[in-house]
Amino acid sequence: MQAFIVLLPLFGALLAMPVGRASGSRAAEIVTSTLVSLAAVLAWITFFAVGFGNADTTIVLFEWIRSGTFEANWSVRVDALSATMMIVITTVSSLVHWYSMGYMEEDPSRPRFFAYLSLFTFAMLALVTADNLIQLFFGWEGVGVASYLLIGFWHHKASANNAAIKAFVVNRVGDVGLGLGIMACYFVFGSVEFDVILDAIRSDSLVQPMGMATSVHVRDLSIQFLNHNASALEIIGILLFIGAMGKSAQFFLHTWLPDAMEGPTPVSALIHAATMVTAGVFLVCRMSDLYAVAPMASALVTAIGLSTALFAATVGLVQTDIKRVIAYSTASQLGYMFFAAGLGGYGAAMFHLTTHAAFKALLFLGAGVVIHRSHHEQDMRHMGGLRGQMPVTFACMLLGTLAITGVGIPTLYLFDVPFGFAGFVSKDMILEGAYAAIEAGKPLAVAAFWGGLVAAVLTGFYSWRVIFLTFFGKSRAPIEVRKHPHEPGNAMLLPLFPLALGAVVAGVMFYKPFVGGGAEAFWDGAIHLEGAHHDDHGADHGEKAPDDHAAVHADDHHAETDSKAHADDSHGDGHHDLPKWVFWAPFLSGGLGFVMACFQYLGANPLKRGMIGEGGLLYGFLQNRWYIDHLYRWIFQEPARLVGRFLWKRGDEGTIDAAGPNGFAKLTEAAAGRTTGLQTGFVFHYAFVMLLGIMILLFVLRA
């Protein structure tokens, strides 16, 4: 059954075009949507069987690569982590498929679009069910290819082509780090299988990298990289995270994400909620046992995550395109997930990833309904007054906004579960965990906690700004849009309802198994939990017990984590021991953003000049996205263009072509031109040449 969860979307991708040619576009849409929906049903069955029934398994489908000592099978790894990702991916993808039947109804290339959507889903499922780093890399590159095809789906637009190329190129930069990290894993552990790598780290096993004469405990191993000796685990952790930075659009490698809005809105929902950008968070959590013993790599994860949360939130304040605001919101929320993981809150990171999928897909699909109704207008300055005309869409987007801004009752617990919308529960777990990390003395915990609160204020402001500019006040739309509204059909509205339900209840539903009292039983070793003992995991897989040195090392490590468990366990029973103001701080931060948005956008003139007025220095800085794109253009693009032009004009054309094919062609042309000059058409010229030839011949014979 688990294998079919991965394969059904692939079958849909393969069948879409043939079915479309044979039976029409509608048949292709129904086939692909049905297969992905069936995969979603199987994924939910698997989730409950694995998460609550301890039905972990690894299904080896076939031997994929064997070369000497290198082995990589194609497998389907099913544990709590992959099962969680499967329900997120398939549920959102199935709803996006059905939604797209309404959104893309006027597009002539619908079978191709649905084939790409299903291919995207398959690639992401292959990634999260990988049992080794090579299969993960296949899925990693697969989602990159699928995103390129979907972002540039409307290839008749130059902006869509440029955005697709940008996404592809920027991700290749991150993939260099991921590729080096995979090579480093094989160099150190002699394997790319997750079980081999993670069990060795947990038990601090002896390893003997290629070329080394003796074995060394893996946590003590140093290797040379870029002419510097450093901890092998730190180097691997940093390299793998560089790959995660590119795929999850983290600061410095984030520039592709806003431009990805050039694709159809369903693509944006799928990329931002369930695929592509969540891959980086998944990778860090899959390798959580590594990051738990690599403090420098974890500090980098925290620093980049916090920087992204703040950067994206500030840029989202001034965006006028409704999809771009939500896109920067995605980057900011991913920043929360990463700094949670960097501080050791891997369960909290996965918790927020799951709840975020529901309300972010809801916001994107709701924005798509607004855009569809407004004749593809995306500028919020030309909207307004849609609350009465689109009450269902307004209600759904309102629920999504209440979720992302963290609305709930901070100190109210029903059955020991926080009471509030999904984002309130999951994001507050991250911030409470950051405060607990301060007490535990973890690096950058202070910055993460207070920076997370600032990002919460900004989130409240830009999220409510979208609601107020779109649905409140008087309509600012052109007269032809107001006279002839393009009403969406049920195909676009119905998928909003389950997502709206998720935005309300997902936090309450997943709290206990993900971060509450049942977390250790639910995750069952799939991710690292502070204070949990993992040394028995290797024995479960038939490995030998660690030697005395490793046992002492592991005991010291667990003694240290046990001493901090009470402080770190802000998500379990220990969360009640934090100061009350820590619970109220995230809620009040989001409330402050709401109040500021009310003052700015609920008046008679919602477009009036505010604290960040158009034309000002700060507005220009934020509108131009901190000028990072300009900086990259000056540092990378322009020099590359000049070098490329020089090599093209002077090297290729001026040297190689001139001395090679073009040179020979010109020489032949010149010789032909001179030879044709002898063909004058006069008989006496030809007679003279004949006489001259006879004289030369006689001279030769006489000699």
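Values reported hereafter were calculated over all heavy atoms of this structure, with side chains retained and with hydrogens, waters and symmetry mates removed.
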What distance separates [X] [atom1] from [Y] [atom2], expressed to the nearest 0.5 Å?
| X | Y | atom1 | atom2 | result |
| --- | --- | --- | --- | --- |
| Arg476 | Glu377 | CZ | CD | 10.5 Å |
| Thr302 | Phe338 | OG1 | CZ | 11.0 Å |
| Ile326 | Met397 | CD1 | CE | 5.0 Å |
| Ile467 | Thr401 | CD1 | OG1 | 3.5 Å |
| Leu178 | Phe241 | CG | CZ | 12.5 Å |
| Phe394 | Leu399 | CZ | CG | 9.5 Å |

Nearest atoms (heavy-atom pairs only) where [X] meets [Y]:
| X | Y | answer |
| --- | --- | --- |
| Pro586 | Val582 | CD-O, 3.1 Å |
| Leu386 | Ser374 | CD1-OG, 4.3 Å |
| Ser332 | Ala309 | OG-O, 2.9 Å |
| Leu431 | Gly452 | CD2-CA, 3.7 Å |
| Ala519 | Phe514 | CB-O, 3.5 Å |

- [ ] For the pair Trp626 and Phe251, name the ring-plane relationship: parallel under 30°, tilted 30 to 60°, perpendicular over 60°.
- [x]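 It falls in the perpendicular class, over 60°.
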
[X] side-chain N/O to [Y] backbone N/O, donor-acceptor pair under 3.5 Å:
| X | Y | answer |
| --- | --- | --- |
| Gln378 | Ile322 | no |
| Lys427 | Ile404 | yes |
| Trp256 | Gly246 | yes |
| Lys442 | Ala437 | no |
| Ser248 | Gly280 | yes |
| His630 | Ile628 | no |
| Thr308 | Gln250 | no |
| Thr355 | Ala506 | no |
| Ser288 | Cys285 | yes |

Could you tell me whether [X] and [Y] make a salt bridge, using a distance below 4.0 angstrom between a side-chain N and a carboxylate O?
| X | Y | answer |
| --- | --- | --- |
| Asp321 | Lys323 | no |
| Arg172 | Glu141 | yes |
| Asp259 | Arg324 | yes |

- [ ] Step by step, work out the side-chain contact (heavy atoms from CB on, under 4.5 Å) result for Phe471 and Val370.
- [x] CA-CA 10 Å; Phe471 294 103; Val370 171; 3.9 Å; yes

Open item on the list: Is it the case that the ring center of Tyr435 lies less than 6.0 angstrom away from the ring center of Trp581?
Closed with: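 Between Tyr435 and Trp581, which both carry aromatic rings, the centre distance is below 6.0 Å.
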
TODO: State yes or no: are the ring centers of Tyr601 and Phe461 separated by less than 6.0 Å?
DONE: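 Ring-ring flag for Tyr601/Phe461: true, centres closer than 6.0 Å.
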
Task: Name of the residue among Asp175, Val277, Leu283, Val170 meeting side chain to side chain contact (heavy atoms under 4.5 Å, CB included) with Lys247 - done: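 Answer to the side chain to side chain contact (heavy atoms under 4.5 Å, CB included) test with Lys247 among Asp175, Val277, Leu283, Val170: Asp175.
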
Sequence neighbours left out, cut at 3.5 Å: what donor-acceptor pairs do the side chains of residues 356-366 make with other protein atoms?
| from | atom 1 | to | atom 2 | distance (Å) |
| --- | --- | --- | --- | --- |
| His356 | NE2 | Lys360 | NZ | 3.0 |
| Lys360 | NZ | Ser329 | OG | 3.2 |
| Lys360 | NZ | Thr330 | OG1 | 3.1 |

Open item on the list: Run the side-chain contact (heavy atoms from CB on, under 4.5 Å) test on Ser93 and Leu270 for me, step by step, so that the C-alpha distance in whole Å, both residues' side-chain angles and the decisive distance to 0.1 Å come before the verdict.
Closed with: CA-CA 6 Å; Ser93 180; Leu270 193 56; 3.8 Å; yes

Between [Y] and [X], is there a side-chain heavy-atom distance shorter than 4.5 Å?
| X | Y | answer |
| --- | --- | --- |
| Tyr462 | Gln319 | no |
| Thr121 | Val96 | no |
| Gln600 | Arg465 | no |

Open item on the list: Please determine whether side-chain contact (heavy atoms from CB on, under 4.5 Å) holds for the pair Phe153 and Val267, giving the CA-CA distance in whole Å, both sets of side-chain angles, and the decisive distance to 0.1 Å.
Closed with: CA-CA 10 Å; Phe153 179 76; Val267 175; 5.9 Å; no

Task: Residue list, salt bridge (charged side-chain N to carboxylate O under 4.0 Å, His left out) with Arg387, at least two apart or on another chain - done: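 So Arg387 forms no salt bridge (charged side-chain N to carboxylate O under 4.0 Å, His left out) with any residue.
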
TODO: With side-chain contact (heavy atoms from CB on, under 4.5 Å) as the test, would you mind laying out the steps for Leu353 and Met85 before giving the verdict?
DONE: CA-CA 9 Å; Leu353 183 152; Met85 291 300 299; 3.8 Å; yes

- [ ] For side-chain hydrogen bond (donor to acceptor under 3.5 Å, both in side chains), just list the numbers for Thr255 and Tyr632, CA-CA rounded to whole Å, side-chain angles, deciding distance to a tenth of an Å, and then say yes or no.
- [x] CA-CA 10 Å; Thr255 53; Tyr632 285 175; over 6 Å; no

- [ ] State whether the number of non-hydrogen atoms from other residues, nucleotides or ligands found under 6.0 Å of Tyr148 atom OH is greater than 12.
- [x]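 Count not over threshold, so no.
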
Task: Phe472 CZ: over 12 foreign heavy atoms closer than 6.0 Å - done: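 Yes, enclosed.
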
Open item on the list: Give me each pair satisfying ring pair (Phe, Tyr, Trp, His ring centres under 6.0 Å) with a member in residues 318-337, each pair once, sequence neighbours excluded.
Closed with: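 Ring pair (Phe, Tyr, Trp, His ring centres under 6.0 Å) check on residues 318-337 returns Tyr336-Phe339.
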
